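Whatever order the structure lists them in is the order used to number ligands and atoms, beginning at 1. All values reported here derive from a predicted model rather than from experimental measurement. As a basis for the values below, the full set of heavy atoms in this structure was taken, side chains included, without hydrogen atoms, waters or symmetry mates.
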Amino acid sequence: MARLLEGKPIAEKIKEQIKQSVAGLNSKPVLASIQVGENAGASAYANSQKKTADLLGIEYQFHKLPAETSQAELINFIQKLNADKSVNGMIIQMPLPAQIDYKKISQYILPDKDIEGMHPANIGKLVFGKAAIVPCTAAAVMELLKETGVDLYGKEVVVVGHSEIVGKPLVLLLLEKFATVTDCHIGTSKAGKLEEHIGKADILIVAVGKAGLIKGDLVKAGAIVIDVGINRVNDKIVGDVEFETAQARAAWITPVPGGVGPLTVAMLMRNLVEAAKLQQ
Ligand code: NDP
C-alpha cells in the first residue's frame, strides 16, 4: 500500500524558507496579477495567491481588465508593468478570452519578471540546466519527488503529457538529474503503446486531464506515482490515475486534490523572490 505524498506539508516548509528570503530583500517584493474578464475559477485562484502573498510579506497587485480587452491592449499593459521598476513579477490568470493567445502574450513579459517561467529565454535556460525561474507545476513535481528521498539517477521515469507548462519542462528537469525519461503523449496512446511504457516506470508522472486514463493495475509494483491531472467527475475532483488500484501497487502516490496543487502557489512565490533577487 503506497504512502501518500501530500503537497501541503512540503508547501508549508517552502513557505517558511520564502518568508526568510523575503526578509533578506531590500524591499517588499511585488507580484502583479492580471485577469481579463470575469471567471470564477481565475478569481478563486487569484484570491488564494493573494492570501499566500499576504502571509509571506509579498505585495499582491491585482489588475482586472475588461473582457473585451484586445491582444494589443493587453501587450501594452504588460509593457507598462515591465517598465515599472516597483513590479518584480507578473502572472496572467487563465483562462483568457478567445481573442487573446497566451503563447503570444507571455513572450512580452520580461524574462526577469516572468515568474511562470514560460518566456522562451527561461525555457532556454532550463535546457542548459541554468534556470532560476522554473515553470511552477513542473517545479512542484520535482519537490514532491525530492520528498520521497529517492535518487533519480538512472531511474526509468515516464511522463504522460507533453504540454509546454508541465510535461516538456519536467522532462528537462528530470534529465538534469540523470533520470532516463520517456515522454508519452497522444501519439503513444494512439499507437497502443501507453500501457507498455507505464508498466516500466519506476516513477510515473501523469499530466493529461483525463479521469481514469491510467489504470491502476498497470502501475509497476513499488513505483512512485505523481498525478498532476485535475478532473471534475460527479462533483468530485479526481486525477488521471485510478487512485485505489494504483495505491495498492505503488510505493508513493499523490492524492488528488492535495498532491501537486498545494505546491504550485508556493512555487510561484519562490519564483517571485528569485525574480526580485535577479532584479536587485
Ligand atoms: P494540456 O491539455 O496542455 O496537455 C495535456 C497533454 O496530454 C498533452 O500533451 C496531450 O497530448 C496529452 N494527452 C491527451 N490525451 C492523451 C492520451 N489519451 N494519452 C496520452 N497523452 C494524452 O494540459 P496541461 O499540461 O496544462 O495540464 C494537464 C493536467 O494537469 C490537467 O488536468 C490540468 O488541469 C492539470 N494541472 C494541474 C495543476 C496543479 O496545480 N495540480 C497545474 C497545471 C495543470 P496532445 O497535445 O498531443 O494531444
Test of proximity, Asp240 against ligand 1: N or O pairs below 3.5 Å: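 For ligand 1, there is no N or O atom that lies under 3.5 Å from one belonging to Asp240.
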Report yes or no: does a heavy atom of [X] sit under 4.0 Å from some atom of ligand 1?
{"X": "Gly229", "answer": "yes"}
{"X": "Cys184", "answer": "no"}
{"X": "Ile165", "answer": "yes"}

Scan side-chain atoms only and decide if [X] and [Y] contain a donor-acceptor pair under the 3.5 Å cut-off.
{"X": "Gln279", "Y": "Asn88", "result": "yes"}
{"X": "Gln49", "Y": "Tyr60", "result": "yes"}
{"X": "Ser33", "Y": "Gln93", "result": "yes"}

Over all atoms of both residues, closest heavy-atom pair of Gln35 and Ser43: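 Reported closest heavy-atom pair: NE2-OG, 3.2 Å.
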[atom2] on [Y] to [atom1] on [X], rounded to 0.5 Å:
{"X": "Gln107", "Y": "Asp101", "atom1": "CD", "atom2": "CG", "answer": "9.0 Å"}
{"X": "Glu116", "Y": "Asn271", "atom1": "CD", "atom2": "CG", "answer": "9.0 Å"}
{"X": "Asp112", "Y": "Leu278", "atom1": "CG", "atom2": "CG", "answer": "5.0 Å"}

Heavy-atom contacts under 4.0 Å between [X] and ligand 1: side chain, backbone, both, or neither?
{"X": "Glu164", "value": "neither"}
{"X": "Ile230", "value": "both"}
{"X": "Ser163", "value": "both"}
{"X": "Thr264", "value": "side chain"}
{"X": "Thr137", "value": "side chain"}

Protein heavy atom at shortest distance from [atom]:
{"atom": "atom 27 (O) of ligand 1", "result": "Val166 CG2, 4.4 Å"}
{"atom": "atom 31 (C) of ligand 1", "result": "Gly209 CA, 3.7 Å"}
{"atom": "atom 30 (O) of ligand 1", "result": "Val228 O, 3.5 Å"}
{"atom": "atom 21 (N) of ligand 1", "result": "His185 C, 3.3 Å"}
{"atom": "atom 47 (O) of ligand 1", "result": "His162 NE2, 2.8 Å"}
{"atom": "atom 19 (N) of ligand 1", "result": "Ser189 OG, 2.6 Å"}
{"atom": "atom 15 (N) of ligand 1", "result": "Lys210 NZ, 2.9 Å"}

Per atom 16 (C) of ligand 1, closest listed option by heavy atom (Ile226, Ile186, Val238): Ile186
Asp227, Val208, Thr254, Thr188: member with heavy atom nearest to atom 13 (N) of ligand 1: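 Looking at heavy atoms only, Val208 sits closest to atom 13 (N) of ligand 1.
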Can we say [X] and [Y] salt-bridge, meaning some charged N sits less than 4.0 Å from an Asp/Glu carboxylate O?
{"X": "Glu164", "Y": "Lys103", "result": "yes"}
{"X": "Lys80", "Y": "Asp84", "result": "no"}
{"X": "Lys13", "Y": "Glu16", "result": "no"}
{"X": "Arg249", "Y": "Asp217", "result": "no"}

Sidechain-backbone polar pair: Asp240 side chain, Val208 backbone, donor-acceptor under 3.5 Å: yes
Those atoms of ligand 1 less than 4.0 Å from some heavy atom in Gly261: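 Taking each heavy atom of Gly261 in turn, ligand 1 has 40 (O), 41 (N) under 4.0 Å.
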Proximal atoms of ligand 1 relative to Gly161 (non-hydrogen, under 4.0 Å): 6 (C), 7 (O), 9 (O)
